[in-house]
Amino acid sequence: MTEMLPARYVVTGRTVETADSVTLRLEPLERPIPRFQAGQFTMLYARGVGEIAVSISGDPSIVDSALTQTVRAVGAVSRALHDAEPGTVVGVRGPYGVGWQPSLAWERDVLVVAGGVGLAPLRPVVLAVLAQRWRYRRLIVVAGARTPREFLYSDELKWWSARDDLALELTVDHAADGWTGQVGFVTQPLSRLPLNPAATTAFVCGPEPMMRFSAEMLVRRGVPADRIRISLERNMQCGIGHCGHCQLGPLLVCRDGPVVDYATAAELLTVREL
Amino acid sequence: MSMFDQLSAFALLTGMSPTHIAVLSSAAQEVSFAAGDRLFHEGAPAEGCWLVQRGCVAVDASIPGRGPVVVQTVGPGEVVGWSWLITPPRWHFGAIAVAPTVAIQLDTDQLRAFAEHDPSFGYPIAVALLTMVLDRLQTTRARLLDLYRNPAETPMSPL
């Protein structure tokens with residue numbers, strides 16, 4: 001069970017994203033974990049507190065052994081990781097799971113739909129597309145947040161909005177003074193975006209109802225359900241399909257997901273308490 | 001592009017026949033708004049309906065002590081203004097262009113007269129507007145769920 005042994009990483013950078021989220025840069029103190037694919041996650045261990053699954057939010061096109069992970073302080077472990085200052089040593093296992101597989105969208109339009117902190121696991125998709133821009137057709141990013149100050153990666157969003165090879169649509173649930181952008185749920189831009197549905201591959205991540213509503217809107221627009229990829233979140237503990245805590249019907253989300261297509265997930269997501 | 005073609009291209013109206021689009025065209029005109037131009041004020045008599053082609057319109061409410069608060073924005077392909085449909089026809093919210101905006105403005109007095117005269121015209125119009133209202137209701141419900149809040153903010157159950 002060597003896969004259950006965490007590798008020691010040290011926090012070498014900590015960027016405050018929002019009031020409750022930070023992005024950590026982690027570098028290995030010894031053997032690094034294998035290279036990650038966009039959409040995969042690691043099990044991050046805060047010493048003496050516990051271990052949780054955290055998606056990787058770094059650039060998959062950069063070949064080094066560092067990890068970039070965005071953590072939102074929700075419970076005891078995520079709070080400990082959130083508060084980890086540079087120099088703190090954490091444990092890392094992984095990378096685990098099936099990722100977004102952006103190559104499925106080669107020669108196609110890419111539509112990225114993020115809700116709240118769902119932008120963290122989708123950031124590697126955007127960066128992967130930008131790193132090999134010639135492989136893809138249009139790139140549209142739709143991101144929603146509760147308020148303008150709750151967008152992750154606000155500096156990077158400004159950079160993305162300035163690009164002419166990326167269409168960025170930001171929308172908030174509640175406007176604030178000075179916000180001149182869109183106000184509404186992410187399904188609103190999805191309902192009116194000029195899409196070529198048959199040529200679109202969508203990558204959707206956020207709270208589960210947000211993914212359901214967004215996927216249903218895209219299906220209504222004509223995007224095939226098996227071209228809509230969503231990232232599931234369940235109680236991941238072992239990360240390698242042994243413990244069963246993350247079971248969702250026939251799926252073990254840590255092993256068969258977290259990214260699955262909506263054709264597979266749609267019915268499972270309507271079963272209460274599954 | 002003719003008004004007929006512009007209306008035909010509007011996704012919300014794809015269920016209407018060419019004959020009915022032609023009728024609608026006779027009650028339509030293209031209008032432009034500069035950023036900051038107000039389409040209508042909350043509480044004023046409701047006349048007009050705008051099919052946004054370019055730009056952005058904010059739907060707002062005036063709240064004492066806070067001024068106008070934007071509750072939603074409406075972009076290309078969406079519609080602003082349905083209060084004219086119900087009695088008494090008064091705007092429940094205000095609307096202001098927040099970017100240079102081009103829209104097709106419908107003369108709602110004519111529209112209502114056409115619909116009352118010919119239910120086969122009125123029905124698809126009603127369905128189109130109901131579709132829009134339902135979408136707006138669903139997005140509002142989704143926002144009410146406050147899905148992006150931090151779960152740690154949930155108040156602890158007293159039980």
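Below, read A as the first sequence line, B as the second, and so on, with proteins coming before strands; counting in each chain starts at 1. Just so it is clear, the model here is predicted, and its values are computed rather than measured.
Listed for the B:Asn150 side chain is a donor-acceptor partner under 3.5 Å among the backbone atoms of A:Ala73. Judged purely by atom type and a 3.5 angstrom limit, B:Arg143 uses its side chain to pair as donor or acceptor with the backbone of A:Asp173.
For the residue pair B:Tyr148 and A:Gly144, the shortest heavy atom distance occurs at CE1-C, 3.8 Å. The shortest heavy-atom contact between A:Phe185 and B:Leu147 is CZ-CD1, 3.7 Å. The minimum heavy-atom distance between A:Ser191 and B:Glu78, with the atom names listed, is OG-OE2, 4.4 Å. Across all non-hydrogen atoms, the minimal contact from A:Val183 to B:Val71 is CG1-O, 3.6 Å.
Ranked by heavy-atom pairs under 4.5 Å with chain B, the list A:Ala175, A:Gly116, A:Gly181, A:Pro194 is led by A:Gly116. By number of non-hydrogen pairs under 4.5 angstrom with chain B, the leading residue of A:Gln182, A:Met217, A:Arg72, A:Met210 is A:Arg72.
For A:Ala145, the part sitting under 4.5 Å from any heavy atom of chain B is the backbone (N, CA, C, O) and nothing else. Residue A:Arg212 does not touch chain B at all, counting heavy-atom pairs closer than 4.5 Å. If you measure heavy-atom distances from B:Leu12 to chain A, you find no contacts under 4.5 Å at all. If you measure heavy-atom distances from B:Ala142 to chain A, the contacts under 4.5 Å come from both the backbone and the side chain.
Under 4.0 Å is where a charged nitrogen must lie from a carboxylate oxygen, and between B:Arg149 and A:Asp20 no such pair does.
Within 6.0 Å of CZ on A:Arg163 lie more than 12 heavy atoms contributed by other residues, nucleotides or ligands. Applying the 6.0 Å contact sphere to CD of A:Glu233 captures no more than 12 heavy atoms from other residues, nucleotides or ligands.
Checking A:Gln188 against B:Gln72 by side-chain atom types alone, a donor-acceptor pair falls below 3.5 Å.
Residues A:Arg192 and B:Asp135 are not in side-chain contact: their nearest non-hydrogen atoms beyond the backbone lie 4.5 Å or more apart. The shortest side-chain heavy-atom distance between B:Asp146 and A:Arg146 falls under the 4.5 Å cut-off.
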